[in-house]
Amino acid sequence: MEAFHLLSRGGAKFDKSKFKSDVNLFNGKKSKAANASTSARAPEGELPPELDFFKYAQGGQGKRKASEPNGGADAKGKKRRVEEDEDTEDEDADEAEQAAEEDDPPMPRHRVTTKGNNVPEHVETFEALRERYNIPSRLLQNIAQSGYKRPTGIQSHGIPILLEHRDLAAISPTGTGKTLSYLLPVMSALGAPAASSKSNPGSGVRALILAPTRELAHQIHNECLKLAQGRKWKIVLFSKATAATLADKKVREKIDLIISTPLRLVASLQAGNLELNNVRHIVLDEADRMLDAEFLEQVQEVIAACTHPEVQKAVFSATLPANAEKVAMSMLRDPIRVVVGLKDTPLPLIAQSLTYVADDQSKLPTLLQYLSQPYNPPVLIFVSSQPRATSLAEELVISGVPNVDCLHAGMTMKEREDAVSRMRRGESWVMVSTEVMARGMDFKGVREVINYDFPQSVQSYIHRIGRTGRAGREGKAITYFTNEDAPFLKTIANVLLQSGSTVPEWILKLPKPSKMKRREMGKVKRAEAVNNARRIGRSDAIKKRDMVAASKRRKAKETQSKTDGATSSPHADGADGESA
DNA sequence: AAAAAAC
């Protein structure tokens with residue numbers, strides 16, 4: 001483990017300034033290319049995709065099915081719909097300068113469709129919001145300072161809806177500024193800080209934002225702090241530590257806004273340490289994820305605790321499958337539904353491809369080969385489990401790949417945070433991760449995503465590759481597939497087609513496997529997974545290292561009673577614990 | 001259809 005950290009961080013190898021200039025070079029080139037392709041495509045009018053678009057957008061649900069047939073038929077460039085989007089959702093606090101230097105990529109507009117009663121008119125500029133809704137000018141200032149210039153599609157439509165206190169289901173592609181779409185209205189409605197109105201018993205937590213991972217909650221919190229500059233609101237990123245302070249009622253009464261993962265909040269509710277009866281705004285980010293089986297109960301419990309009659313609810317996501325949408329709509333009151341671009345379709349800005357790799361063993365050589373040639377760092381690599389993330393990262397380090405990092409939820413909070421910061425600072429060239437990183441995370445610099453392990457759903461695919469191509473930048477996504485992935489290959493291939501990437505003929509000719517067949521193959525896959533898929537490569541080097549580590553641990557245990565906290569790397573055992 | 005994440 002220590003070897004891993006040393007190697008991957010290896011000071012000598014990492015030449016930051018060089019990296020930076022590479023990045024700049026890339027940016028310059030790319031934005032020109034993006035401009036060119038935009039202007040080339042848009043004016044030509046590409047009728048077929050446009051027509052397709054309207055068909056789907058107006059039809060509402062079930063588009064995926066409808067799209068499959070012609071996806072196969074007209075193939076290729078045809079399916080490339082209008083360029084959409086983009087905005088400037090930026091990231092994180094420490095990224096302000098980076099944003100400044102990268103400046104504005106082209107911002108093609110998305111088609112937007114809305115459905116619902118009395119839909120408020122959209123705005124073209126942030127200034128228009130002040131005229132119409134009288135939102136605090138300090139907030140507008142902070143928005144400008146954070147580098148936001150023009151509202152994106154979801155912002156110009158979603159913000160007025162939320163400012164008029166309507167419930168909203170918003171579907172907008174990855175990297176198109178959803179975060180600001182809900183933060184601005186919520187913060188605009190927040191009013192005076194709870195701490196300042198002691199006489200008012202109706203203060204306390206007035207807004208709640210729920211996200212599926214700690215990392216995403218943290219990122220939202222950062223964004224929130226930027227918008228809140230100059231105000232005295234107490235904006236809390238919920239964690240074990242902050243939850244512990246809530247035993248004191250005075251502390252919780254001063255909170256204005258909470259950003260949290262659901263379970264954390266449920267724990268505090270059940271402990272009787274939190275009142276949500278004055279919450280006026282609830283936002284579910286990554287809504288389809290928040291409403292799937294594992295989270296639904298928790299989310300419902302939180303929502304049930306928000307008993308104020310005027311509570312406004314909003315759900316946001318880049319994907320919203322029909323069943324999730326049903327659940328979402330049933331929670332909302334007289335909702336408005338806004339769809340930007342094509343539902344469940346990635347951005348055309350992302351150049352996607354599929355790579356055949358026969359079987360699991362063939363993946364590592366393929367990846368090493370890829371990384372031995374010039375690529376655009378940072379690359380984000382997705383695998384299907386924590387142990388696979390750990391061992392793939394180790395294999396890469398051992399193979400001499402520079403600046404390799406790893407991030408999964410089995411790591412300690414500190415390790416996770418450190419990994420994210422390295423990523424944000426541009427120090428990671430190759431980041432190996434699990435689904436934790438698949439949703440919402442906004443690393444502007446990510447130019448390439450590799451699905452080392454095949455994604456388990458269309459939604460997962462869309463979100464994973466959506467880590468690149470953000471805010472109008474171009475991106476590249478490669479997906480490895482093995483024979484075992486065959487049953488799900490065609491579904492993903494159709495997603496590629498829909499978003500303007502090309503797919504080899506033979507894949508399109510694959511029959512759609514029957515449900516039974518899929519189930520059968522699923523079984524085989526699972527059985528094999530149990531047998532061999534925990535670790536990636538199992539090189540001799542790693543085996544040896546593991547044995548050494550194991551014996552060290554044994555020794556450490558024996559002497560533990562004496563030396564206790566003195567071990568140099570308490571976290572190493574945890575992260576490496578699965579090595580058995 | 002299934003793992004990851006949430007604590």
Side-chain angles (χ1 to χ4, degrees), chain A residues 208-220 237-244 246 258-271 273-274 284-302 321 323-324 360 381-390 392 406-413 415-416 419-420 432-441 451-461 463-464 482 484-492 512-530 533-534 574 578:
Chain A
L208 199 54
I209 295 163
L210 295 179
T213 63
R214 288 299 317 266
E215 280 75 14
L216 182 52
H218 193 257
Q219 177 180 291
I220 295 166
L237 173 59
F238 228 56
S239 68
K240 204 173 275 182
T242 55
L246 298 180
I258 289 178
I259 301 154
S260 180
T261 50
L263 198 49
R264 179 69 267 166
L265 219 48
V266 168
S268 290
L269 283 174
Q270 288 177 348
N273 281 342
L274 185 63
L284 303 186
D285 204 346
E286 305 300 341
D288 51 338
R289 178 74 184 86
M290 304 301 286
L291 297 174
D292 76 13
E294 301 87 335
F295 272 129
L296 182 57
E297 210 177 317
Q298 303 163 23
V299 169
Q300 282 173 332
E301 187 166 344
V302 171
N323 50 349
D360 196 53
I381 300 179
F382 284 102
V383 296
S384 60
S385 73
Q386 296 179 8
R388 284 175 67 78
T390 308
L392 177 56
C406 178
L407 176 46
H408 61 69
M411 293 159 48
T412 66
M413 223 32 244
E415 289 170 321
R416 289 168 69 169
V420 171
V432 182
S433 183
T434 60
E435 290 292 300
V436 230
M437 297 301 280
R439 283 173 176 263
M441 295 310 293
N451 287 315
Y452 188 90
D453 291 334
F454 205 74
Q456 302 93 332
S457 69
V458 167
Q459 286 73 32
S460 164
Y461 177 75
H463 286 277
R464 282 176 174 192
T482 64
E484 294 168 8
D485 301 318
F488 309 100
L489 182 57
K490 197 173 181 187
T491 314
I492 299 294
K512 200 160 188 222
S514 70
K515 271 188 189 158
M516 247 179 57
K517 181 117 190 188
R518 239 186 287 179
R519 206 169 302 149
E520 228 170 77
M521 299 195 62
K523 264 185 212 157
V524 173
K525 193 175 174 182
R526 252 168 283 145
E528 286 182 13
V530 171
R534 270 179 74 75
E578 71 342 272

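If you're wondering where the values come from, they're calculated on a predicted model, not measured in any experiment.
- Across all strands, A/A409 comes closer than 4.0 Å only to sugar-phosphate atoms, never to a base (heavy-atom distances).
- At a cut-off of 3.5 angstrom, counting only N and O atoms as typed in the model, there is no donor on one side facing an acceptor on the other between the side-chain of A/R388 and the base of B/dA4.
- A/N273 places its CG atom 16 Å from the P atom of B/dC7, with the value rounded to the nearest Å.
- A/L208 has its side chain within reach of A/L265: a pair of non-hydrogen atoms, C-beta onward, lies under 4.5 Å apart.
- As a whole-Å value, the separation of A/M441 CE from B/dA5 P is 13 Å.
- Going from atom CZ of A/F382 over to atom P of B/dA3 covers 18 Å, rounded to whole Å.
- Each of A/H463, A/H218, A/Q219 was evaluated against A/M441; a single residue qualifies, A/Q219, per the side chain to side chain contact (heavy atoms under 4.5 Å, CB included) test.
- In this structure, A/R264 has no side-chain hydrogen bond (donor to acceptor under 3.5 Å, both in side chains) partners at least two apart in sequence or on a different chain.
- For A/E294, the listed nucleotide lying nearest its side chain is B/dA4; candidates were B/dC7, B/dA6, B/dA4.
- Screening residues 290-300 of chain A for salt bridge (charged side-chain N to carboxylate O under 4.0 Å, His left out), with sequence neighbours left out, gives A/R289-A/D292.
- In this entry the distance linking CG of A/L216 with C1' of B/dA6 reads 13 Å, nearest Å.
- The CG atom of A/L210 sits 12 Å away from the P atom of B/dC7 (whole-angstrom rounding).
- Between the side chain of A/R214 and the base of B/dA5, no donor-acceptor pair under 3.5 Å is found.
- Note on A/R439: nothing from the nucleic acid sits closer than 4.0 angstrom, heavy atoms only.
- Looking at A/D285, A/L216, A/I220 one by one, the single match for side chain to side chain contact (heavy atoms under 4.5 Å, CB included) with A/I259 turns out to be A/I220.
- A/L274 has its CG atom 16 Å from the C1' atom of B/dC7, to the nearest Å.
- Among the protein residues, A/P212 comes within range of the sugar-phosphate backbone only, with heavy atoms under 4.0 Å from sugar or phosphate atoms but none that close to a base.
- Atom CG in A/L263 sits roughly 6 Å away from atom P in B/dC7 (whole-Å rounding).
- Atom CD in A/E215 sits about 12 Å away from atom C1' in B/dA6, given to the nearest Å.
- OP1 or OP2 of B/dA6 has at least one side-chain nitrogen or oxygen of A/R416 nearer than 4.0 Å.
- Nucleic acid contact class of A/S460 (heavy atoms, under 4.0 Å, all strands): none.
- Within the 4.0 Å cut-off from OP1 or OP2 of B/dA3, not a single side-chain nitrogen or oxygen of A/T434 is found.
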